[in-house]
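Keep in mind it's a predicted model, so treat the numbers as computed, not measured.
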Amino acid sequence: MMGWLKIVGMGPGDETLVTPQVQDALAKASDVIGYFPYVERVSERPGLRLHGSDNRFELDRAKHALQLALEGNKVIVVSSGDPGVFAMAAAVFEAVEVGPETWRTIEIDVLPGITAMLAAAARVGAPLGHDFCTINLSDNLKPWKIIEQRLRLAVEADFAMAFYNPRSKSRPQSFDKALRILNSICKDTRPVIFARAVSSPQETISIVPLTEATPHMADMRTMVIVGSSQTRIIHRPEKSAIVYTPRSLAP
Ligand code: SAH
């Protein structure tokens, strides 16, 4: 019997943000593979094997999933958020590209999820309401000079920016460097949103002017959104402030 492989997004944390399509796939799976904390979000049931692994073994995990699917299993690879955003979908396709010809015969689907950037933006209003870009601030898989170049060009193009992986214990300096670059070229007090553990019980959201943003405001569970020069704040009595970027630009 032919197996299949579905690479699915579990959303940012809250179970109501897992799409029905993903829930349906999980109900039919025989094997779930992924980083431990994401696999832990899948309910155990008879006939379902859970394979949690450490974060650093993405390519091994992808190969394992492909091999299990080839052997006739119904395999799900889980990512948080969306599987195509700095996550497992690209890792699986990297493995397919260099792997044995038989892996190209496997039925593979990518099922989207709500990515952290969109969940974070929704909590404060519409900071990504006009053109924006996304940058992964981790230099694990690319040199820092590329990150710096992209940051500078994104500011020059006046994009709002959403930063994934802003800071980790092994890279305590990266977000500090990014903030220095932003402050040296932006010369304004555009809002910066720190959205931590969005949609989980640990969620915290803070909005500060760029000049007051400090490196320790971010960690590995934080999504950082930096406004464009057009991004505005609406203050409201006894309600949280709204951050939005207007859809149009004055000519
Ligand atoms: N595929 C994921 C992103 C993986 S990269 C997605 O689409 O969301 C991991 C980074 O995503 C974290 O360092 C953090 O910046 C961000 N992130 C993931 N879940 C988050 C959440 N619930 N709240 C805030 N940021 C989150």
Walk me through whether R221 and S200 qualify under side-chain contact (heavy atoms from CB on, under 4.5 Å). CA-CA 11 Å; R221 295 191 73 191; S200 82; 3.8 Å; yes
Do you see a donor-acceptor pair shorter than 3.5 Å between the side chains of T16 and D14? yes
Could you check whether any side-chain N or O of N73 sits under 3.5 Å from a backbone N or O of S30, counting only pairs where one atom can act as donor and the other as acceptor? no
Looking at CG of D158 and CG of L249, how far apart are the two atoms once the value is rounded to the nearest 0.5 Å? 7.5 Å
Taking C-beta and beyond as the side chain, do D139 and S174 meet within less than 4.5 Å on heavy atoms? no
Ignoring hydrogens and angles, tell me if any N or O in the side chain of T222 forms a donor-acceptor pair with the backbone of R196 under 3.5 Å. no
Counting only heavy atoms from other residues, nucleotides and ligands, does the tally under 6.0 Å from CZ of R41 exceed 12? yes
Does any part of the side chain of W4, heavy atoms only, come nearer than 4.5 Å to the side chain of K28, both counted from C-beta? yes
Give the minimum heavy-atom separation between A121 and L128, together with the two atoms involved. CB-CD1, 4.0 Å
Pairs in or reaching into residues 221-251: which pass ring-ring contact (aromatic ring centres under 6.0 Å, His included), with residues at least two apart or in two chains? none
Report yes if the side chains of M10 and V42 come closer than 4.5 Å at any heavy-atom pair, otherwise no. yes
More than 12 non-hydrogen atoms from neighbouring residues, nucleotides or ligands closer than 6.0 Å to CZ on R45, yes or no? yes
Between V226 and I185, is there shared hydrophobic-cluster membership here, with clusters defined by ILVMFWY side-chain heavy atoms closer than 4.5 Å? yes
Pairing residues for H130 by the ring-ring contact (aromatic ring centres under 6.0 Å, His included) criterion, not counting sequence neighbours: none
Mind checking the CD1-OG spacing from I114 to S80? Nearest 0.5 Å is all I need. 12.5 Å
Using a 4.5 Å cut-off on heavy atoms from C-beta on, say whether the side chain of I146 contacts that of R150. yes
Determine whether F132 and M117 make a side-chain contact, defined as any pair of heavy atoms from C-beta on separated by less than 4.5 Å. yes
Could you check whether atom CD of Q202 has more than 12 heavy atoms from other residues, nucleotides or ligands sitting under 6.0 Å from it? yes
Mark yes or no for whether Q149, through its side chain, and K145, through its backbone, hold a donor-acceptor pair below 3.5 Å. no
Evaluate the side-chain contact (heavy atoms from CB on, under 4.5 Å) criterion for residues N136 and K142: first the C-alpha distance (whole Å), next the side-chain angles of each, then the deciding distance (0.1 Å), finally the verdict. CA-CA 10 Å; N136 183 345; K142 65 188 168 200; 3.7 Å; yes
Is there a path from M217 to I233 through hydrophobic residues (I, L, V, M, F, W, Y) whose side chains come within less than 4.5 Å of each other? no
Membership question, hydrophobic clusters at under 4.5 Å side-chain separation (ILVMFWY): are V32 and L111 in the same one? yes
Determine, using the 4.5 Å side-chain heavy-atom cutoff (strictly less than), whether V110 and I106 are members of one ILVMFWY cluster. yes
Closest non-hydrogen atoms of V39 and G52, given as atom of the first, atom of the second and distance, are CG2-CA, 4.0 Å
Please report the C-alpha distance between L210 and L179 in whole Å, then the side-chain angles of each, then the deciding distance to 0.1 Å, and finally whether the side-chain contact (heavy atoms from CB on, under 4.5 Å) criterion is met. CA-CA 8 Å; L210 174 58; L179 280 178; 4.2 Å; yes
For side-chain contact (heavy atoms from CB on, under 4.5 Å), just list the numbers for F175 and H216, CA-CA rounded to whole Å, side-chain angles, deciding distance to a tenth of an Å, and then say yes or no. CA-CA 9 Å; F175 188 52; H216 69 265; over 6 Å; no
d(M220 CE, S138 OG) to nearest 0.5 Å is 6.5 Å
Would you name the heavy atoms of Q21 and P112 that are closest together and state the gap between them? OE1-CD, 3.8 Å
In Å and rounded to the nearest 0.5 Å, what is the CG to CD1 distance from L5 to I108? 5.5 Å
Check: R167 side chain, A218 main-chain N or O, donor-acceptor pair, under 3.5 Å: yes
When M161 is tested against each of T134, L182, V224 for side chain to side chain contact (heavy atoms under 4.5 Å, CB included), which residue passes? L182
Any donor and acceptor pair, going by atom type alone, linking the side chain of T245 with main-chain N or O of P127 inside 3.5 Å? yes
Taking the side chain as every heavy atom from C-beta outward, state whether P83 and V77 have any pair of such atoms under 4.5 Å apart. no
Please name all residues satisfying salt bridge (charged side-chain N to carboxylate O under 4.0 Å, His left out) with D31, sequence neighbours left out, ordered by chain then number. R49
Non-hydrogen atoms of L137 and W144 that approach each other most closely: O-CZ3, 3.9 Å
For S228 and Q230, which I'm curious about, is there any donor-acceptor pair between the side chains at under 3.5 Å? no
In plain terms, say whether R152 and E148 are close enough for a salt bridge, that is, a side-chain N and a carboxylate O under 4.0 Å apart. yes
Should V22 and V75 be counted in the same cluster of Ile, Leu, Val, Met, Phe, Trp and Tyr side chains packed under 4.5 Å apart? no
So how far is it from F93 CZ to L66 CG, rounded to the nearest 0.5 Å? 9.0 Å
Pairwise distance CD1(I207) to OG1(T231) - rounded to 0.5 angstrom: 11.5 Å
Is the count of non-hydrogen atoms from other residues, nucleotides or ligands lying under 6.0 Å from L141 atom CG greater than 12? no
Nearest heavy-atom contact between P166 and D219 is CG-O, 3.5 Å
Is the closest side-chain heavy-atom distance between M88 and Y35 below 4.5 Å? no
So do M223 and P12 actually touch side chain to side chain, heavy atoms under 4.5 Å? no
Minimum heavy-atom distance A120-I225, with the two atoms named: CB-CD1, 4.2 Å
